[in-house]
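Only heavy atoms go into these numbers, but all of them, side chains included; no hydrogens, no water, no symmetry mates. The structure presented is a predicted model; accordingly, all values stated were derived computationally and were not measured. Below, chains carry the letters A, B, ... as their sequence lines are ordered, and counting in each starts from 1.
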Number of protein chains: 2
Amino acid sequence: MITLKEIAKMANVSSATVSKVINGKDKYISDATRKKILDIVEKEGYITNGIAKSLKMKNTKTIGIIIPDVMNLFFSELARGIEDAAEKKGYTVILCNSENKVSKTKKYIEILQEKMVDGIILTPPEKCDFNSIRPGRTPTILLDRDVDVETNEPSKIGRIFVNNTAGSYKATSHLLSKGCKEIAIISSDTQNKPSLERIQGYENALRDKGYVVNSDRKYLESYNIETGYNGVKSLLMDKRIDGLFCGNDLIAIGALKALRELNLSVPSDVKIVGFDDILLSRYLDPPLTTIKQPVYVMGEKAIEMLIALINDEQIDDLIILETLLIERDST
Amino acid sequence: MITLKEIAKMANVSSATVSKVINGKDKYISDATRKKILDIVEKEGYITNGIAKSLKMKNTKTIGIIIPDVMNLFFSELARGIEDAAEKKGYTVILCNSENKVSKTKKYIEILQEKMVDGIILTPPEKCDFNSIRPGRTPTILLDRDVDVETNEPSKIGRIFVNNTAGSYKATSHLLSKGCKEIAIISSDTQNKPSLERIQGYENALRDKGYVVNSDRKYLESYNIETGYNGVKSLLMDKRIDGLFCGNDLIAIGALKALRELNLSVPSDVKIVGFDDILLSRYLDPPLTTIKQPVYVMGEKAIEMLIALINDEQIDDLIILETLLIERDST
DNA sequence: GTTACCTGAGTAAACGATTAACTAATCAGT
DNA sequence: ACTGATTAGTTAATCGTTTACTCAGGTAAC
């Protein structure tokens with residue numbers, strides 16, 4: 001690899017001059033010198049050594065994102081939104097899959113700090129208190145899963161979440177407005193805020209309309225397809241149910257499969273609402289009514305907020321985004 | 001951030017000694033000194049500055065992956081496989097979405113080279129000749145989409161592909177063995193090797209069994225859901241078709257949707273085989289028979305080969321992986 | 001004619017780590 | 001007592017940039 005110093009030698013100038021020209025700080029450089037340098041740079045195919053530059057400049061223009069799993073459609077959309085926004089701002093993204101494990105999350109945070117990333121975007125593992133993964137001085141955005149952070153938190157922390165309570169309230173109200181009388185919920189039993197809020201919204205909606213919340217209309221396990229499948233099989237064993245709120249779209253996919261096996265048709269026998277609006281939901285049979293999380297926007301906002309933190313700008317360090325009901329044929 | 005030099009000062013030793021202890025090259029360091037240093041490191045929460053280390057060591061333990069889009073299930077699986085394998089080998093992954101554009105691909109290659117990645121794993125844009133994106137001296141693995149590379153290629157290039165011809169041959173033969181007589185294909189019309197091979201395998205299978213290849217049984221557009229939908233609507237307009245080979249699973253998803261709308265049932269009226277076996281295929285209605293690409297293995301092999309290239313080890317620089325027919329209910 | 005500013009460029013330190021080469025002390029063996 | 005090997009460290013150069021500071025000559029103003 002050819003270096004700046006070598007370019008300087010070829011052009012018979014100092015390395016300072018070459019640096020200035022390359023970085024456009026060439027107010028006090030003659031046109032002749034500038035051209036001479038640029039020609040050589042071009043001819044030799046010189047590429048800046050970003051590592052040396054980073055060492056001197058104390059930034060890397062790189063951020064890390066830690067998510068449970070890119071294969072999960074929700075997170076792959078998130079990753080894409082983040083990468084797109086980052087690229088536009090001149091940042092590059094290191095991808096880390098935590099598998100929802102605190103241990104892996106901690107390990108990745110350490111690696112990212114060694115790599116001197118300028119910031120981290122982190123979706124914490126489902127069960128995780130913030131103190132156990134505190135990212136030190138690196139600016140960090142906590143995304144998607146709310147976590148208790150002390151108010152006098154010394155680090156640079158931003159938080160971006162979705163209003164889960166309102167989302168599941170919307171979903172349940174929608175089912176009610178479609179005439180459902182016996183509405184069940186299948187969701188995750190993890191004790192973190194988003195999960196609890198999604199259950200809370202469901203319960204609030206029922207209570208507000210004068211219904212009782214019945215604990216044998218709840219099936220709580222995990223945010224995956226199997227849970228949806230098992231949930232329907234278990235809930236519909238002996239009870240009648242005409243409405244189903246699923247904690248996320250994967251659960252809804254499993255639920256649809258189980259309902260088909262039970263020869264129940266959607267939406268005539270049972271109406272279903274999901275949560276997330278992953279890319280696939282509109283191609284299910286029937287296309288799934290769901291609560292859309294503004295995933296791409298989350299990515300953009302996360303980058304925006306993170307860069308503000310990196311640059312020590314004053315910003316609102318908590319954003320709560322609203323969801324949107326997307327009505328399709330499952331209700 | 002505390003530096004190695006500061007640790008050295010606190011411990012009253014030279015920075016060389018601290019470096020040796022931290023990196024385990026402490027054969028000639030007394031137990032007392034070692035303990036003293038390690039205690040201070042622990043207490044101060046010292047973290048190595050990886051940038052400085054990289055500058056000196058001339059490696060970054062970072063690789064870049066350039067794929068069209070992580071939101072595409074096939075590539076998110078690939079990304080995951082790569083990241084997993086990389087992490088095990090002590091490498092970190094920079095994620096780049098090229099959107100299938102040559103311009104973005106070129107830009108990312110340049111950025112990755114500035115960041116001094118140790119290697120690149122690249123899925124070239126669909127229409128792309130290799131010379132236009134030549135990654136210079138950075139070791140590179142070309143993944144999934146075969147590209148013509150000159151035999152005297154000076155760069156360190158490895159190639160890993162799937163045997164597409166054999167895969168689509170298997171798919172088509174499977175449809176024939178299930179009794180299909182009128183088999184159509186919906187796939188992509190891009191003029192790259194994988195696309196052409198998938199069509200080729202389909203044609204070969206038909207010819208080998210004595211059927212004629214009929215050009216109005218072909219619908220070629222893109223590898224997406226819409227193509228599948230449009231393809232079925234167009235192919236079934238006036239022709240009878242009892243078997244359908246889809247160039248990938250996304251196409252199959254669209255095709256299933258269109259067939260439902262036409263009140264044709266799968267597999268009794270039309271049998272369908274896809275290609276890729278994305279995570280979702282088994283949850284479709286009906287679960288999709290498909291040609292599984294060994295995606296995770298591709299990721300592992302890619303990392304393995306790339307690290308060999310990085311370390312100048314002698315390896316086979318071309319791997320062609322075989323596919324597997326996964327029979328589900330759509331046939 | 002002195003002062004002050006502008007222009008065009010060079011010098012050298014700094015960023016934070018690694019490591020080859022060196023020193024100095026101890027020890028075993030003859 | 002001398003040699004050679006082993007042990008326990010230090011010194012200082014180096015990786016490839018950026019940039020504060022310096023310098024010299026030209027020009028404009030008073």
Side-chain angles (χ1 to χ4, degrees), chain A residues 1-38 40-41 44-62 110-111 113-118 136-138, chain B residues 1-38 40-41 44-62 110-111 113-118 136-138:
Chain A
M1 287 259 56
I2 190 159
T3 71
L4 183 146
K5 216 177 260 180
E6 299 178 79
I7 298 282
K9 194 157 290 169
M10 291 180 198
N12 280 317
V13 296
S14 75
S15 54
T17 305
V18 177
S19 175
K20 287 172 192 163
V21 167
I22 286 173
N23 293 299
K25 307 190 173 182
D26 49 3
K27 195 176 156 197
Y28 297 135
I29 305 287
S30 70
D31 287 352
T33 306
R34 186 192 352 268
K35 184 173 184 327
K36 185 167 61 177
I37 291 170
L38 256 21
I40 296 176
V41 163
E44 301 292 328
Y46 168 76
I47 292 181
T48 298
N49 183 324
I51 294 297
K53 184 170 190 165
S54 288
L55 180 59
K56 182 75 217 210
M57 306 287 271
K58 292 181 173 304
N59 67 40
T60 51
K61 293 288 173 185
T62 300
E110 209 165 302
I111 291 174
Q113 289 182 313
E114 282 197 5
K115 305 239 164 172
M116 298 278 129
V117 295
D118 295 340
R137 279 190 270 314
T138 312
Chain B
M1 286 259 57
I2 190 158
T3 70
L4 184 143
K5 216 178 260 179
E6 300 178 77
I7 298 281
K9 195 157 290 171
M10 292 182 199
N12 281 316
V13 296
S14 73
S15 55
T17 306
V18 178
S19 175
K20 285 174 191 161
V21 167
I22 285 172
N23 293 299
K25 307 192 171 178
D26 49 2
K27 194 175 157 200
Y28 297 134
I29 306 286
S30 71
D31 286 352
T33 305
R34 185 195 348 268
K35 185 173 182 330
K36 186 167 60 177
I37 291 171
L38 255 22
I40 297 177
V41 163
E44 301 292 327
Y46 168 76
I47 292 180
T48 299
N49 184 321
I51 295 296
K53 185 171 189 162
S54 288
L55 179 59
K56 180 74 215 208
M57 306 288 271
K58 291 180 174 306
N59 66 41
T60 51
K61 293 287 175 187
T62 300
E110 210 165 300
I111 291 175
Q113 288 182 315
E114 282 198 4
K115 304 239 164 176
M116 298 278 131
V117 295
D118 295 340
R137 278 190 270 314
T138 311

Might you list the N or O atoms of the protein lying below 3.5 Å from N or O atoms in nucleotides 23-25 of chain C, with each pair's distance?
none

Original post:
What does B/Ser19 touch in the nucleic acid at a heavy-atom separation under 4.0 angstrom: a base, only the sugar-phosphate, or nothing?
Top reply: base

**OP:** Let me have a per-nucleotide readout for nucleotides 4-14 of chain C, 5' to 3', with B, S or -, counting only protein heavy atoms under 4.0 Å.
**Re:** ---SBBBB--B

Original post:
At how many degrees, to 10°, do the end axes of the helix from C/dG1-D/dC30 to C/dT30-D/dA1 meet when each uses five pairs?
Top reply: 50°

Original post:
About how many Å separate CE of A/Met10 and NZ of A/Lys36, when rounded to the nearest 0.5 Å?
Top reply: 13.0 Å

Original post:
Can a salt bridge be assigned to the pair A/Asp26 and A/Lys20 using a cut-off of 4.0 Å between side-chain N and carboxylate O?
Top reply: no

Original post:
Are OP1 or OP2 of D/dT17 and a side-chain N or O of A/Lys5 less than 4.0 angstrom apart?
Top reply: no

**OP:** Output the single nucleotide from C/dT18, D/dT17, C/dG16 whose closest atom is nearest the side chain of A/Leu4.
**Re:** D/dT17

Original post:
Considering only heavy atoms from C-beta outward, does the side chain of A/Lys115 approach that of B/Lys61 to under 4.5 Å?
Top reply: yes

**OP:** Measure the shortest side-chain to side-chain distance between A/Ile2 and A/Ile7 over non-hydrogen atoms and say whether it is less than 4.5 angstrom.
**Re:** yes

Original post:
So does B/Asn23 get a side-chain nitrogen or oxygen closer than 4.0 Å to the phosphate oxygens (OP1/OP2) of C/dT18?
Top reply: yes

**OP:** For residues B/Lys53 and B/Thr48, determine if any side-chain heavy atom of one lies less than 4.5 Å from a side-chain heavy atom of the other.
**Re:** yes

